[in-house]
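Let me begin by presenting the structure, written as structure tokens, before commenting on it.
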Amino acid sequence: SFVALFVSAVAPAFAIGALCELPTSPVAAPTQAAIVALGISMGYIVFDLVWLLLHPELGTPTILAHHVLSLVGFPYATLRHLCVPFVQFFILTEATGLLQHACMLLLKLDREGTPLYFIVGVSWTVSFFLVRIMPSPWLIYELVWKDSSRHLWASAFTPFDFWFGVCTL
């Protein structure tokens with residue numbers, strides 16, 4: 001949809017701005033750009049969740065869980081100043097939605113099988129891998145294993161924070 005295309009362009013743009021401003025500390029306070037990116041992203045998640053609830057044939061338990069966990073986890077982490085750079089990174093990954101939704105629009109316009117559809121589909125697949133899959137080992141390393149002396153910030157986490165993070169990672 002055009003709503004999804006808009007969000008896939010705007011929220012990641014603010015997330016990039018936030019990532020440029022934020023310190024790398026996992027307990028960094030969110031910047032104004034981080035709050036705007038979060039607000040745009042969560043607004044879309046609510047819109048999409050309502051759409052999925054009204055059209056259950058479009059949703060799966062996995063996608064519904066993704067929406068609910070994002071709605072709870074991202075604002076919670078941001079407002080508690082926990083892993084704000086990671087939340088912004090995940091908002092940034094929504095940029096791959098531009099190509100995803102372009103594919104869907106091409107399908108609705110009956111353009112499947114055209115060279116444009118092929119190019120957009122391959123580009124979406126490559127961007128999804130490069131933006132969402134490839135960084136995962138680095139994110140886990142940064143969050144869990146990098147230099148344990150840095151983990152003084154762990155004292156900022158409550159047991160709920162820890163287990164919520166483990167369940168959503």
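Treat the numbers as computed from the prediction; the structure is a model and nothing was measured.
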Under 3.5 Å, which donor-acceptor pairs link side chains of residues 87-94 to any protein atom two or more places apart or in another chain?
{"residue": "Q88", "atom": "NE2", "partner": "A34", "partner atom": "O", "Å": "3.2"}
{"residue": "T93", "atom": "OG1", "partner": "F90", "partner atom": "O", "Å": "2.6"}
{"residue": "E94", "atom": "OE2", "partner": "R132", "partner atom": "NH2", "Å": "3.4"}

Without placing hydrogens or testing angles, list every side-chain donor-acceptor pair under 3.5 Å for residues 42-50, not counting sequence neighbours.
{"residue": "D48", "atom": "OD2", "partner": "H67", "partner atom": "NE2", "Å": "2.8"}

Using a 3.5 Å cut-off and no angle test, enumerate the donor-acceptor pairs between side-chain atoms of residues 100-115 and protein atoms at least two apart in sequence or in another chain.
{"residue": "T114", "atom": "OG1", "partner": "R111", "partner atom": "O", "Å": "2.7"}
{"residue": "T114", "atom": "OG1", "partner": "Y117", "partner atom": "N", "Å": "3.2"}

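Under the side chain to side chain donor-acceptor pair (under 3.5 Å) criterion, T31 pairs with E21, not counting sequence neighbours. Under the side chain to side chain contact (heavy atoms under 4.5 Å, CB included) criterion, F6 pairs with V10, not counting sequence neighbours.
Residue L130 is grouped with residue L99 when hydrophobic side chains (ILVMFWY) are merged at heavy-atom distances under 4.5 angstrom, including chains of intermediate members. I63 is not connected to V3 by any chain of hydrophobic side-chain contacts under 4.5 Å among Ile, Leu, Val, Met, Phe, Trp and Tyr, and they are in different clusters. Hydrophobic cluster membership is shared by L71 and F86, with clusters built from Ile, Leu, Val, Met, Phe, Trp and Tyr side chains linked at under 4.5 angstrom. L5 and L116 fall into different hydrophobic clusters, where Ile, Leu, Val, Met, Phe, Trp and Tyr side chains are chained together by heavy-atom contacts under 4.5 Å. L79 and Y76 fall into different hydrophobic clusters, where Ile, Leu, Val, Met, Phe, Trp and Tyr side chains are chained together by heavy-atom contacts under 4.5 Å.
Interatomic distance, OG1 of T96 versus CD1 of I133, reported as 9.5 Å (0.5 Å rounding). Between the CD1 atom of I40 and the CZ atom of F14 there is a distance of 5.0 Å, given to the nearest 0.5 Å. L38 CG to S70 OG: the interatomic distance, rounded to the nearest 0.5 Å, is 10.0 Å.
Across all their heavy atoms, A37 and A11 have their closest contact at CB-O, 3.7 Å. Pairing each heavy atom of L22 with each of A28, the nearest pair is CD2-CB, 4.3 Å. When all heavy atoms are compared, the tightest approach of P23 to P85 is O-CG, 3.8 Å. Across all non-hydrogen atoms, the minimal contact from G17 to A33 is C-CB, 4.2 Å.
Among residues at least two apart or in separate chains, there is no side-chain hydrogen bond (donor to acceptor under 3.5 Å, both in side chains) pair with a member in residues 4-15.
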